[in-house]
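Everything below concerns the one structure shown next.
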Amino acid sequence: MSELPTAYEPQSVEEKWYQAWLDQKCFHADENSSKEGYSIVIPPPNVTGILHLGHVLNNTIQDTLARRARRQGKEVLWLPGTDHAGIATQTKVEKKVREEEGKSRRELGREEFLKRVWDWKDKHGNIIINQLKRLGCSCDWDRERFTMDGDYSEWVAKVFTELFEKGFIYRGKRMVNWCPKSLTALSDEEVIPKASRSKLYFMKYELVGEPGRYLEISTTRPETLMGDIAVAVHPDDERFKDLIGKKVRRPFPERAIEIIADEHVDMEFGTGALKITPAHDKADFEIGQRHNLEVIDVLHADGTVNCPEVPELDGLDRFQARRLAAAKLEEMGLLIKVEEHENNVGYSERADVPIEPRISMQWFLRYPAVDEATAAVASGDIQIRPERWAKTYAHWMENIQDWCISRQLWWGHQIPVWYRKEKAFELKEAESLDVKDLASKDIYVGTEPPEDAENWIRDEDVMDTWFSSWLWPFATMSEREQEKFYPTADLVTGPDIIFFWVARMIMAGYSFKQELPFKNVYFTSLIRDGKGRKMSKSLGNSPDPIEIMNTYGADGLRFALMRIAPVDSDIRFLEEKDKKDPNKKVYPQVEEGRNFANKLYNACRFRQMQGGGALQEIGNLETLPVYHLDILHKLDALSLNLDKAYASYRFNDLTSLLYEFFWSEYCDKFIEAVKLDFRSGDEEKIQRTLAVMDTVMSRYLGYLHPLMPHITEELSSQLGYLANGAFLMEQRDQSEAVLNGLSEEQIEQAGGIAEAVYRSASRLRNLKAEYHLAASKDVEFILKPAEAWVSDQLDALSVLVGAKSIRIESDYAAQKGTPAAVAEIGEIYMPLEGLVDIDTEKERLGKEIAKIEKEIAKSQGKLGNANFVDRAPEAVVKAEKETLENWQSKYAQIRDMLSALDG
RNA sequence: GCAGGGAUAGCUCAGUUGGUAGAGCAACUGGUUUACACCCAGUUGGUCGGGGGUUCGAGUCCCUCUCCCUGCACCA
């Protein structure tokens, strides 16, 4: 008896091996290695980040790819790191400082505040990195990078300078997406449209000089009417034709504004008349430009009203002001009605408040290398998977808009532009600024501050975080490292950042390295909860992966996610209440992973209990029993199928193949079929079987290692499959098939017999179960064999079935009422002490025969169809004929049995 | 409005050039045979979202409709 516990306990094992790998520097990549290079850069999580299931899926895939590449003998660099995440981090630290010190960031000052952010980063910035380690990620932690490291920052400034000098970067006063909470501009990608239930206000403006005549206007934003400078109608709109050029009276502050005609106006919408507020609406701004209209800004940066002429609204929040403005209109008798209205409102991705279109001075980038980047994906130089995302990519690239790269934040890469002190005020307000202005010598752009820095003032803005992230595949590497590891092989990330990050990296790769940044992009699935909802903090439906790993093990979680990771479409991550303890939650999919680890552990425990030392040669393949040959053949097939699954990035296939082979083929069939060997006392038999088991297990553990690294390392070590001090994770997969010396025919024949025995065993168990004898070992079967080889397989068959014996008796005359069945090995009888009632038995066989008759009819129907026989492929017809023959022979056998019952 | 994806057993999902509908979980029956109850054996359960078409044959190809999801656009 073994004293090992009967259940696998992952926690201590996982910790032990991870530490051992770290101690032995197993994850370290050598840029001077002569091996072929393979690299992945991690999508850097936010430094404020906490591990969620999306990260787990994402990084499990990366780890699997990295470990697989190592097993193929490649020099692997998986480069980890974190992103400084401008808005998220600044907001977090700002909040903390306010809570702990009661100070705003402005009270603290830029320099002092940034110090606090760095302090925070040093103390708390490692959480997610440590969580990734818990998952087993084999990143080269010596190379951990941060997007605000010194070297990295140099790259960012260099790239900015280069793009400015080439004319790709310019500054201008534009309508941008403004976040009134974070007080910064945002890129278009950072604005999330949300379907909202708004109100559409219908109001009327009186025509100047025509008392009592009104123009009706509809708007969702009455709080901006103080900024109205015109009312627009469609030039073709018959209703308003005579009004064009006339003026209406804006109620407050009172002012006559012109009625203009513009094609943009939708005649169908609302009243067909659109109030024009160039300062607070993108479309209005453009109309204003076309008609040369004055821009009146009536909002502060934080979204409060800036309009001293209307004191009751001045200073109010925009939403409060909206209600009050409507009330004021009503009071004046100018509000006609209010309708419910569904529309999309743009929200700030980070701060989750409606963004405000706002005119401000910002830096913009006209994207470089757009054509190359578009072509790279179209031509297949970069392969995107699932393929359909390539269309999304192409569509965005074709409609690409300039990128607003400046942010009014402190935490980030400061814009490397300086203004000469005496001209600074003037330059800061200049309508436009670009490469041409360098000639004036009044501005300076460069990676280092100007030499006489005291005479210059630096631009205060920082850059969008993604302006540093897009350099990640090479800015993280030294030149020597780039030679070995750039371009990277695979990028694994979520499709939600295809524009934020992936597309931009491709353009950066072509612009600054003259080469693509990666060859394959794999977009992971979105993980939803059991109800199909997106996982989010606010819903609280996102389970903590660390807790799950503590219960089920990291390997169990990894396996579960890989098994349900589909090729396309989303993943539902199930969560159920524990039946015993309703306060506890269980995760059925992860249980499957945990159970699989346990199965693995127990199979190895079984192996260990049979004794015997290190891995030995199998010896003469020719003399191996069919079960041994069969499992070795399936092992060879597994290896090939795994290659295919990896090649097509079908991780769910990969996982199913491994699961199926081990559980159904190795455990359920092979181990059971050879169990008798260990009880035989025949040392030669035992050693032969052990050699096969060890060959299968040692290879299999290697195949499984990329998915479940900890348990496979542990079991390989326990079973003595590794030389002293060696790690499974550093072993190469053996590429040669085990059954190399055997002919196809020999292999097929052995496999055929083994399978026939397995299927027959199933038929017999079936028969036992029908009489509720599932556990009884006392059953003795009598067999009329169909084939000569059957006699050699009776012992194995007995174990598989759970029978006392199976006796061959070719001329057996069954007593009436003896339960019987037909299997590939022949006719089987199960004599019972108390015979079964003849009618019952006839009925049972009758049911079976009815089933067979149906099959025969179906098959004959097909073969009787001339069209089928003539037009279907020969192989299909032949297979159909064989099927029919099989059924017919079974039919004959059962008929005989039935007539014996009658006779 | 445009584009893409999805609908298969009670649940979560496979189903790769058209050729006998599968797995895991759940349910039910039986089982502690010396690896494993995180287990073993067996059973039940599906007109593959609706309709039409192509074909000897359709879950698979084509058309159409319904519902769900995701981008993009509009968003007064």
Side-chain angles (χ1 to χ4, degrees), chain A residues 1-2 4 6-8 193 195-196 198 200-201 217-221 232 264-266 269-277 281 283-284 341-346 386 388-389 391-392 395-396 399 495-496 498-499 526 528 530 532 534 552 556 563-564 566-574 576 588-589 591-592 594-610 644 648 650 652-653 656 659-660 664 667-668 671-672 675 679 762 765-766 768-770 772-777 799 801-802 855 858-859 862 865-873 875-877 879-880 883:
Chain A
M1 265 301 271
S2 167
L4 286 170
T6 61
Y8 174 59
S196 309
S198 313
L200 188 61
Y201 299 87
I217 301 164
S218 47
T219 179
T220 53
R221 302 202 59 190
H264 170 82
V265 179
D266 178 0
F269 191 94
T271 63
L274 168 64
K275 74 186 196 69
I276 304 299
T277 324
D281 184 280
D284 290 9
H341 178 59
E342 295 255 340
N343 66 346
N344 281 328
V345 177
R388 64 188 175 90
W389 291 109
K391 278 191 185 171
T392 308
H395 184 257
W396 188 74
N399 297 286
D496 49 330
I498 185 167
F499 311 134
L526 187 71
R528 299 175 172 277
K534 231 171 169 170
Y552 300 99
R563 188 157 161 79
I564 59 175
V567 186
D568 214 329
S569 82
D570 301 342
I571 296 178
R572 279 183 196 221
F573 190 81
L574 302 181
E576 285 170 8
Q589 291 150 328
E591 272 181 353
E592 194 178 295
R594 188 265 321 257
N595 294 353
F596 184 63
N598 191 55
K599 186 78 180 174
L600 205 67
Y601 168 80
N602 273 295
C604 292
R605 230 175 105 239
F606 174 75
R607 165 63 191 90
Q608 227 170 3
M609 289 163 79
Q610 311 311 324
K644 281 184 210 158
S648 50
R650 295 183 57 111
N652 53 341
D653 280 1
S656 299
Y659 184 93
E660 183 78 7
S664 312
C667 292
D668 290 351
I671 290 189
E672 295 304 323
K675 259 184 183 166
R679 292 177 225 161
S762 168
R765 287 191 297 241
N766 191 317
K768 274 172 68 185
E770 283 184 53
H772 297 288
L773 301 171
S776 171
K777 280 195 291 185
V799 180
V801 172
E855 295 291 343
K858 210 163 118 189
S859 200
K862 257 186 170 180
N865 183 336
N867 276 323
F868 173 71
V869 179
D870 294 346
R871 301 169 81 158
V876 174
V877 177
E880 191 60 46
T883 306

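Please read all numbers here as calculations on a predicted model, not as lab measurements. Here is the naming used below: chain letters follow the sequence lines, and residue numbers restart at 1 for every chain.
Residue A/Q589 is classed as a sugar-phosphate contact, given heavy-atom separations below 4.0 Å to backbone atoms only. A/V265 comes within contact range of at least one nucleobase, with a heavy-atom separation under 4.0 Å. Within the nucleic acid shown, A/D653 has no heavy atom closer than 4.0 Å to any nucleic acid atom. Counting non-hydrogen atoms under 4.0 angstrom, A/C604 reaches nothing in the nucleic acid. Base engagement by A/K599 is indicated by at least one non-hydrogen atom pair under 4.0 Å involving a base atom. Residue A/I498 is classed as having no contact, given no heavy-atom separation below 4.0 Å to the nucleic acid. Among the atoms of the strands shown, base atoms are found under 4.0 Å from some heavy atom of A/E672. As judged by a 4.0 angstrom heavy-atom cut-off over every strand, A/D281 is placed among residues touching the sugar-phosphate backbone only. Here A/P193 lies out of heavy-atom contact (under 4.0 Å) with every strand. Contact annotation for A/K644: no contact, since no heavy-atom pair falls under 4.0 Å across all strands.
Taking side-chain N and O atoms only, A/H772 has no distance below 4.0 Å to OP1 or OP2 of B/rU43. Within the structure, a side-chain polar atom (N or O) of A/R650 is placed less than 4.0 Å from OP1 or OP2 of B/rG15. Put simply, A/S762 has a side-chain N or O that comes within less than 4.0 Å of OP1 or OP2 on B/rG42. Phosphate proximity of B/rC39 to A/N595: present, with a side-chain N or O under 4.0 Å from OP1 or OP2. OP1 and OP2 of B/rC38 both lie 4.0 Å or more from every side-chain N or O belonging to A/R594. Dashed line: the shortest gap from a side-chain N or O of A/R388 to OP1 or OP2 of B/rG4 is not under 4.0 Å. Between A/N766 and the phosphate of B/rU43, there is a side-chain N or O to OP1/OP2 separation shorter than 4.0 Å.
For the salt bridge (Lys or Arg N to Asp or Glu O under 4.0 Å) test, no residue two or more places apart in sequence or in another chain qualifies with A/E576. A/F573 pairs by the ring pair (Phe, Tyr, Trp, His ring centres under 6.0 Å) definition with A/Y587, not counting sequence neighbours. Here A/F499 pairs with A/W396 under the ring pair (Phe, Tyr, Trp, His ring centres under 6.0 Å) rule; sequence neighbours left out. Taking the salt bridge (Lys or Arg N to Asp or Glu O under 4.0 Å) definition, one finds that A/R528 meets it with A/D570, sequence neighbours left out. By the side chain to side chain contact (heavy atoms under 4.5 Å, CB included) test, A/A597 pairs with A/Y8, A/M708, A/I711, sequence neighbours left out. Residues passing the ring pair (Phe, Tyr, Trp, His ring centres under 6.0 Å) test with A/H395: none are found, sequence neighbours excluded. Every salt bridge (Lys or Arg N to Asp or Glu O under 4.0 Å) that A/E672 has, sequence neighbours left out, goes to A/K675. Under the salt bridge (Lys or Arg N to Asp or Glu O under 4.0 Å) criterion, A/E591 pairs with no residue, sequence neighbours left out. Take A/R765 and apply the side chain to side chain donor-acceptor pair (under 3.5 Å) test, not counting sequence neighbours, and it matches no residue.
In this entry the distance linking CZ of A/R765 with C1' of B/rA41 reads 7 Å, nearest Å. Atom CZ of A/R871 and atom P of B/rU54 are 13 Å apart (whole Å). Remark: P of B/rA41 and NZ of A/K768 are 12 Å apart, rounded to the nearest angstrom. The CD atom of A/E592 sits 13 Å away from the P atom of B/rA23 (whole-angstrom rounding).
Between the side chain of A/Q610 and the main chain of A/F606, a donor-acceptor pair closer than 3.5 Å is present. Formation of a donor-acceptor pair under 3.5 Å by the A/K275 side chain with backbone atoms of A/T219 is not found in this model.
A/S859 and A/E880 share a side-chain donor-acceptor pair at under 3.5 Å.
Across the P atoms, B/rG71 and B/rG15 are found 24 Å apart, a figure rounded to whole Å. Going from the C1' atom of B/rC65 to that of B/rC25 covers 34 Å, rounded to whole Å. Taking the P atoms as reference points, B/rC11 lies 40 Å from B/rC74, given to the whole Å. When the C1' atom is used for both B/rU44 and B/rG10, the distance is 12 Å, rounded to whole Å. Rounded to a whole angstrom, the distance from the P atom of B/rC28 to that of B/rU33 is 23 Å. Rounded to whole Å, the C1' atom of B/rA26 lies 27 Å from the corresponding atom of B/rU20. For the C1' atoms, the distance linking B/rG19 with B/rU55 amounts to 12 Å, nearest Å. Separating the P atom of B/rA3 from that of B/rG45 is a span of 43 Å, rounded to the nearest Å.
Side-chain atoms of A/L274 and A/D284, non-hydrogen and from C-beta on, do get closer than 4.5 Å to each other.
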Which atoms of nucleotides 66-70 of chain B (N or O only) lie under 3.5 Å from a protein N or O atom, and what are those distances?
| from | atom 1 | to | atom 2 | distance (Å) |
| --- | --- | --- | --- | --- |
| B/rC69 | O3' | A/R528 | NH2 | 3.4 |
| B/rC69 | O2' | A/R528 | NH2 | 3.3 |

Anything under 3.5 Å between a protein N or O and an N or O of nucleotides 57-62 of chain B, put it in a table, one pair a line.
none

Exercise. Run the numbers on A/E342 and A/S198 for side chain to side chain contact (heavy atoms under 4.5 Å, CB included), then give the verdict.
Key: CA-CA 6 Å; A/E342 295 255 340; A/S198 313; over 6 Å; no

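Pairs of Watson-Crick or G-U wobble type, with distances under 3.5 Å, assemble into runs of 3 or more in RNA chain B at these ranges: B:1-7 with B:66-72, B:10-13 with B:22-25, B:27-31 with B:39-43, B:49-53 with B:61-65.
At a cut-off of 3.5 angstrom, the base of B/rC36 holds no donor-acceptor pair with the side chain of A/N598.
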